[in-house]
Amino acid sequence: MLDLVTAPIVALLSDRLGLPAADLNRLLAPPKAGSADLALGCFQPAKAKGVAPPALAAELAAAVNASGLAEAIAAGPFLNLTFTPAGVAKALLPALAADPSVALRSQAGAGRTACIDFSSPNIAKHLAFHHIRSTMIGNSLARLYGAAGWKVVRINFIGDWGTAFGRLISGWKREGLTLAQLEGAADRVTFLNELYVRSSQAAKGDAALEEDARRWSKALEDGDAEARKLWQIFKDASLAEFKRVYALLGVDFDSWKGEAHYEDKMGPVLAELEGKGLTSIDEGATVVDLKAHGLKQFKKPMLLKRADGGTLYATRDLAAADDRFREFAFDRALYVVDLGQSLHFNEWFAAAKLLQRPYADRLRHIGFGVLLVWNDEPAEGLQPGWAKGRTRAGKVMLLREVLEEGIDRARAIVAEKNPEIIGEEREAIARAVGVGAVVFNDLKNARTNDVKFKFEEALRFDGETGPYIQFSHARLCSIERRFTGGQGDPALLTRDDEKAVLLAIARLQGQLERAVETDEPSVLAQALLGLAAAVSTWLTAGNRDPSAKVLCDDPALSAARLLLVRAARGAIGEGLRLLGLIAPERM
Ligand code: ARG
């Protein structure tokens, strides 16, 4: 638990004992009983030095007390440490004064590269509400890894291949549609969806149209120029719609290489699997019988190529991983995809091992649970309850529509709470709060849990919500705006509620590292809720006791407290950014 407050104490002790900091970190832990923040059992280091443990504990206690970093007491062979508000403030605040975002920085991943495959929707289909999960868990992991020192490659593995395109092209030609018509549509993906439906309906019972769609599908596979051109048009139109939603969410990507890119790169992978004797034929399909190769946990063989020759998902993922490893030499590759696809990832990760890929142990499936929306007007015969997101008409809820509704609702709340905020600023706040509410709701609990979504809950300013943390940030900003004094002295901070805020900030670094190690944005989300709660307790104390106010009668004390206000505001702002939220200065 190396963090910004323990680090100076660890440095002092490691210096006195001649032990590496990492060893000391392992020896330091919160005591099993008593009120100290940390305890060090002196047995091992005393043995190494050839002195009695209680004598060493006493010597170290004197050194720590002299430093003012914490209060130290020797309890027999144990060194008990209690942080003091001033000690924590002195360790923490000068480091954060220039740039409070360093509270959420670490070098744990320095020199390492992570490829993060996330969002990865299928084109000519809408981004549905549930796509927020992969998109925002992946976006947050990319930012968290970056903050922890990793080099990050953000990959959108677009699903841009499949037989649907034959049907789309066939319909497009039959109706004589034009690019201008597609580009003029209010929503280009809806335009393509409707074309697909008309084309499928027309082909029902019409063998010639069926054949036409099949021919176009084949033409596309064979690289026919006209088929390719139309495919590109459909792809561009879909990407343009996706990018509107990504812009609302503040998400971007380094690579958009999709499934089509690997279409001609799967042959060599298949040939290699065959050459190594790993494949077999099962009812006409080419498979890898993982069980037969000693992997007993796989009941069924892994499908590589269907009987009709269609190549499948697993082969494509293997080809893409080879490509990514060649280009980025990743130390870790994350696949942020729902838990429903666990078998797929387990299978091809196992195949990568059988192929002795050097990266086989670096692959991680970052699974997550489903998104459930409260439905109070369910279809006939059903009770109101949590269900996968559908509109009243039974259609899937679109991500863009949910975000826009969030923004509308947030605009109304902000207009009511703070009518003097108007115009562009109100609009920007409505966006930050409306979108942030939806995003935070998705990230606040362990990702493998199912998520329950209800606008009324997600938008509350006083619950475990994004707006609650954003409000805490805005409250701190408003105090900063009102402060007119000079430079503060951290040693003047002596209150326990101030110490609680300081420790919550100091622990963020360790929590960032844990979030990265467990691929869990919720670790940071929960930490920020805790920090916001500590801030609220501190600031509310001033309501009862004027001397506890940040801007109190004593200018020196106000200036010292303002250091903490700035550090907390900066840490919360950066924490929200790492989760993919924007932190407005007023709301
Ligand atoms: N396009 C896929 C889907 O919508 C998700 C792709 C996930 N990424 C991957 N490398 N398999 O189900």
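Just follow the structure's listing: the first ligand is 1, and inside any ligand the first atom is 1.
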### Query
Is the count of non-hydrogen atoms from other residues, nucleotides or ligands lying under 6.0 Å from R514 atom CZ greater than 12?
no
### Task
Could you check atom 12 (O) of ligand 1 against the protein and tell me its nearest heavy-atom contact, residue, atom and distance included?
Q341 NE2, 3.0 Å
### Task
Consider every N or O of E259 and every N or O of ligand 1, then say whether any pair is closer than 3.5 Å.
no
### Query
Considering only the protein, which heavy-atom contact is closest to atom 4 (O) of ligand 1, and what is its distance?
N122 ND2, 3.3 Å
### Heavy-atom side-chain proximity of M136 to F118 below 4.5 angstrom
no
#### Entry: Of the listed options A314, G159, S120, G258, closest to atom 2 (C) of ligand 1 (non-hydrogen atoms)
S120
### Task
Flag the pair I582 / L576 as yes when at least one side-chain heavy-atom distance between them is below 4.5 Å, and no otherwise.
no
### Message
Parallel, tilted or perpendicular, judged at 30° and 60°: which one describes the rings of F157 and Y262?
### Response
tilted
### Message
What verdict does the salt bridge (Lys or Arg N to Asp or Glu O under 4.0 Å) test give for K257 and E327, after you've listed the backbone C-alpha separation in whole Å, the side-chain angles of each residue and the deciding distance to 0.1 Å?
### Response
CA-CA 12 Å; K257 268 190 212 170; E327 188 169 353; 3.2 Å; yes
### Best match, F118, Y313, W348, F157: closest heavy atom to atom 5 (C) of ligand 1
Y313
### Message
Quick check against the 3.5 Å criterion: does D160 have a side-chain atom that pairs as donor or acceptor with the backbone of E259?
### Response
yes
### Task
List every atom of ligand 1 that sits less than 4.0 Å from any heavy atom of V337, numbering the atoms from 1 in the order shown and giving each element.
7 (C), 8 (N)
### Message
Is it the case that the side chain of T135 and the backbone of H131 share a donor-acceptor pair, with hydrogens and angles ignored and the cut-off at 3.5 Å?
### Response
yes
### Message
Using a 4.0 Å heavy-atom cut-off, which part of F345 comes near ligand 1: side chain, backbone, both, or neither?
### Response
side chain
### Query
Y335 heavy atoms, cut-off 4.0 Å: which ligand 1 atoms fall inside?
10 (N)
### Message
Taking 4.0 Å as the limit for heavy-atom contacts, which would you say applies to I158 with ligand 1: side chain only, backbone only, both, or neither?
### Response
neither
### Message
Suppose I only count heavy atoms of D317 and a 4.0 Å limit; which atoms of ligand 1 are within that range?
### Response
9 (C), 10 (N), 11 (N)
### Close side-chain approach of N441 to T465, heavy-atom, < 4.5 Å
no
### Distance from atom 8 (N) of ligand 1 to nearest protein heavy atom, with residue and atom
D117 OD1, 3.3 Å
